[in-house]
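Input: a single structure, listed below in structure tokens.
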Amino acid sequence: MDYDLFVIGGGSAGVRCARIAAGHGARVGVAEARFWGGTCVNIGCVPKKFMVMAAEYGATAADARGFGWDVTTQGHDWAALIAAKDKEISRLNGIYKRLLDTAGAKIFEARASFIDAHTLDVGGERLTAERIVIATGGHPTGLNIPGAEHAIVSDDVFALPHFPRRIAIVGSGYIAVEFAGVFAGLGAETHLIYRQPVPLRGFDQDIREALAEALAGNGVLLHPGTLPTAIENNGKRLVLADGTALDVDLVFFATGRAANTRGLNLEAAGVATGTKGEIPISADFATNVPHIYALGDVTDQLNLTPVATAQGHALADTLFGNRPRGVSLQNVPSAVFSIPPIATVGLTEEQAAKRGEATIFVSRFTPMRHALTGRVRKSLMKLVVDTASDKVIGAHMLGEDAPEIMQGLAVAIVAGATKAAFDATIGIHPTAAEEFVTLRTQTRLVGTAPAAE
Ligand SMILES: Cc1cc2nc3c(=O)[nH]c(=O)nc-3n(C[C@H](O)[C@H](O)[C@H](O)COP(=O)(O)OP(=O)(O)OC[C@H]3O[C@@H](n4cnc5c(N)ncnc54)[C@H](O)[C@@H]3O)c2cc1C
């Protein structure tokens, strides 16, 4: 065989797996068809966060007036933002490629597909490998409505040549609400159209409601409980199911993602896929073919970069580092970079209530800075506690710095901290974070305690 391990896809999962495996001394090949670093670095987390930061600066400049600054701004230069972002991203691309090179992996800038269970076609070259990793990620999917070809998806938004004055974003997952914040913050008339009554299905209900309020407070025009039926007028009009139409410059579908499995010729290797094209895996990352593994978004489990990299690392250590382990998908913290942001770890109130009795602590308050800015923006913090064990089983926050605060709380929750431990922790004053250790009054009890034996 040419390689001990061949990795298809140079994104978060693939680069980590290839780099660590090569570091353990394995003969590793890795193919990337488009850009090193994958979705996160090029068309995901990283450029998205730069754009959110850009949008936040506008509000920060306005808010500074409340602190005595005489600030005037001349408007935002979209082309300058895109150029600055592109420069940083190409620097990161180089770093990813060098990391692989230095570790001793052989890199192929080419598309790979299966010829059989041990043989790949990599850009026309025939290569064999003892083990193969599929880490091909996913892609955005739009809606199948008339005129859909005029809409953009998240892949396109990072290279938009012109800033739209009016935009309709369809969807209410995290990507939709993040870009609603970006476009509204940079000055566009921003419409958000979604089927649910409140955005962010699957998140804690209090957080969802607080987010809807915050979006409206930022000037985003919300259209809940409806869906588009057509795009007309050369992409400039979005017709909704309720009969109304929105005249805009751009329609953006943020309606979901699907696994990149087409074109891999998985049938030739006998690798099975699920109903949406995703690749099911076992706890040790194996597909139904024992020497072929799948990692990250292509498995459609928890589509987050730190999960993908943790899986890549664990698989490389397991196969070549004599350190076998899996990756727990319990208590994985995550953030939504809306404005203000959301962060969460553990169970929502609704999930906890289904399990047993939970004690809920909620605090809503005006953050200190807005006492002077005059901006109407509230933070929400929430703890979900298992009544029987006193363990904190969920923490949720909407408010400035939520992701930075939640990372530390996630450690406490993974370690099994009780509410009594939170209460015994001294706060850092004056911060928003101290609220998490001073929540004393229970807001409500939910769920039912298991009946006594
Ligand atoms: C807009 C957006 C924002 C996001 N924000 C966040 C965030 O804030 N935080 C977070 O944790 N996650 C975020 N994510 C999710 C995160 O980007 C993914 O979870 C992560 O990139 C998954 O890594 P991966 O390695 O599985 O796939 P990817 O990073 O998608 O990498 C797969 C790679 O495989 C390559 N490839 C595909 N097919 C082939 C082939 N046949 N041959 C060779 N190469 C191939 C692709 O070109 C790609 O580079 C975001 C995603 C999007 C779209």
Side-chain angles (χ1 to χ4, degrees), residues 6-19 29-53 92-93 96-97 107-114 120-125 127 132-141 152-158 169 171 173-179 182 252-266 277-279 281 285 293-313 315 332-338 341-344 403 407:
F6 199 96
V7 179
I8 309 176
S12 307
V15 167
R16 179 63 70 90
C17 186
R19 179 166 73 82
V30 50
E32 168 53 50
R34 202 169 166 200
F35 30 40
W36 295 102
T39 303
C40 179
V41 171
N42 296 279
I43 47 171
C45 338
V46 176
K48 180 268 309 275
K49 195 155 176 196
F50 283 138
M51 288 185 165
V52 173
M53 287 170 170
L92 294 174
N93 284 150
Y96 273 85
K97 203 171 154 182
I107 59 179
F108 294 84
E109 298 192 324
R111 185 161 290 281
S113 60
F114 283 91
L120 296 169
D121 174 326
V122 182
E125 208 174 323
L127 301 170
I132 295 170
V133 168
I134 304 167
T136 49
H139 62 274
T141 52
I152 64 156
V153 291
S154 68
D155 283 8
D156 310 311
V157 77
F158 299 107
I169 302 176
Y174 78 94
I175 293 173
V177 302
E178 289 174 341
F179 279 99
V182 168
F252 176 177
F253 284 156
T255 41
R257 292 180 65 77
N260 285 335
T261 43
R262 278 167 66 181
L264 282 172
N265 199 20
L266 292 178
E278 79 284 6
I279 304 182
I281 51 168
F285 315 111
Y293 303 85
L295 304 169
D297 282 13
V298 76
T299 66
D300 196 22
Q301 291 180 320
L302 247 185
N303 298 339
L304 294 168
T305 285
V307 172
T309 49
Q311 291 183 330
H313 206 131
L315 179 62
V332 172
S334 70
V336 177
F337 294 94
S338 46
I342 291 168
T344 171
Q407 185 69 76

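Order of listing sets the numbers, starting from 1, for every ligand and every atom in it.
Assignment of Arg257 to the shell around ligand 1 is supported, since a heavy atom sits closer than 4.0 Å. Contact analysis puts Ala110 in contact with ligand 1, with a non-hydrogen atom separation below 4.0 angstrom. Distances shorter than 4.0 angstrom occur between a heavy atom of Tyr174 and an atom of ligand 1. Gly263 does not count as a contact of ligand 1, since none of its heavy atoms falls under 4.0 Å from the ligand.
Contacts between Arg111 and ligand 1 below 4.0 angstrom, taking non-hydrogen atoms only, involve backbone and side chain alike. Under 4.0 angstrom from ligand 1, there are no non-hydrogen atoms of Asn42. If you look at Thr39 next to ligand 1, the close heavy atoms, those under 4.0 Å, come from the backbone and the side chain alike. At a 4.0 Å heavy-atom cut-off, ligand 1 does not touch Ser113 at all. At a 4.0 Å heavy-atom cut-off, ligand 1 touches Ala308 through the side chain alone.
For Asn42 (side chain) and Gly38 (main-chain N/O), a donor-acceptor pair under 3.5 Å exists by modelled atom type. Side-chain atoms of Thr309 come within 3.5 Å of backbone atoms of Thr305 as a donor-acceptor pair (strictly under, hydrogens ignored). When atom types are taken as modelled, the side chain of Thr261 and the backbone of Glu278 share no donor-acceptor pair closer than 3.5 angstrom. With hydrogens and angles ignored, the 3.5 Å screen pairs no side-chain donor or acceptor of His313 with any backbone N or O of Cys17. Thr255 places a side-chain N or O within 3.5 Å of a backbone atom of Thr141 that can act as its donor or acceptor partner. Side chain of Asn260 to main chain of Gly138: a donor-acceptor pair is present (N/O by atom type, distance under 3.5 Å, no hydrogens or angles).
Ring-plane geometry between Phe179 and Phe158 is classed as perpendicular, the angle between the planes exceeding 60 degrees on a 0 to 90 degree scale with a lower cut at 30.
Protein heavy atom closest to atom 8 (O) of ligand 1, with residue, atom name and distance, is Lys48 NZ, 2.8 Å. The protein non-hydrogen atom at the shortest distance from atom 26 (O) of ligand 1 is Asp297 N, 2.9 Å. Considering only non-hydrogen protein atoms, atom 41 (N) of ligand 1 sits nearest to Ala112 O, 3.0 Å. The nearest protein atom to atom 37 (C) of ligand 1, hydrogens excluded, is given as Thr136 O, 3.4 Å; this is a heavy-atom distance. If you check which protein heavy atom lies closest to atom 21 (O) of ligand 1, you get Cys40 N, 3.4 Å. Protein heavy atom at the shortest distance from atom 34 (O) of ligand 1 is Gly9 CA, 3.3 Å. Protein heavy atom in closest approach to atom 13 (C) of ligand 1: Cys45 SG, 3.3 Å. Nearest protein neighbour of atom 31 (O) of ligand 1, counting heavy atoms only, is Gly11 CA, 3.3 Å.
Near Phe337, meaning under 4.0 Å from any of its heavy atoms, are these atoms of ligand 1: 8 (O). Against a heavy-atom cut-off of under 4.0 Å, Gly296 is close to the following atoms of ligand 1: 26 (O). Atoms of ligand 1 found under 4.0 Å from any heavy atom of Asn303, numbered from 1 in the order shown, are 15 (C), 19 (O). Set against the non-hydrogen atoms of Phe35, the atoms of ligand 1 under 4.0 Å away are 49 (O). In the vicinity of Ser12, heavy-atom distances shorter than 4.0 Å reach the ligand 1 atoms 20 (C), 21 (O), 23 (O), 25 (O), 29 (O). Each of the atoms 25 (O) of ligand 1 lies under 4.0 Å from some heavy atom of Ala13. Of all the atoms in ligand 1, the ones that sit under 4.0 Å from a non-hydrogen atom of Ala31 are 43 (C), 44 (N). Those atoms of ligand 1 that come under 4.0 Å of a heavy atom in Ala135, given as number and element, are 32 (C), 33 (C), 34 (O).
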Problem set entry | salt bridge (Lys or Arg N to Asp or Glu O under 4.0 Å) evaluation trace for Glu178 with Lys49 | CA-CA 9 Å; Glu178 289 174 341; Lys49 195 155 176 196; over 6 Å; no
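Taking only non-hydrogen atoms, the option from Val307, Ile175, Leu264, Thr309 nearest to atom 52 (C) of ligand 1 is Ile175. Closest to atom 46 (C) of ligand 1 by heavy atom, among Lys49, Glu32, Arg34, is Glu32.
Side chains of Gln301 and Gln311: a donor on one and an acceptor on the other come within 3.5 Å.
Between Pro306 and ligand 1, not a single N/O pair is under 3.5 Å apart. For ligand 1, the polar-atom distance check finds no N/O of Ile8 at less than 3.5 Å from any of the ligand's N/O atoms.
Val15 places none of its side-chain heavy atoms less than 4.5 Å from the side chain of Val30.
Between the OH atom in Tyr174 and the OG atom in Ser338 there is a gap of 12.5 Å [rounded to 0.5 Å]. Once rounded to the nearest 0.5 Å, the distance linking CD1 of Ile342 with CZ of Phe337 reads 11.0 Å. In this structure, OH in Tyr293 is found 11.5 Å from CD1 in Ile281, a value given to the nearest 0.5 Å.
Of the candidates Ile8, Leu315, Val298, Val133 forms a side-chain contact (heavy atoms from CB on, under 4.5 Å) with just one, namely Leu315.
With sequence neighbours left out, the salt bridge (Lys or Arg N to Asp or Glu O under 4.0 Å) criterion links Glu32 to no other residue. Take Arg34 and apply the salt bridge (Lys or Arg N to Asp or Glu O under 4.0 Å) test, not counting sequence neighbours, and it matches Asp155.
The 12-atom threshold is not exceeded at OH of Tyr96, counting heavy atoms of other residues, nucleotides or ligands nearer than 6.0 Å.
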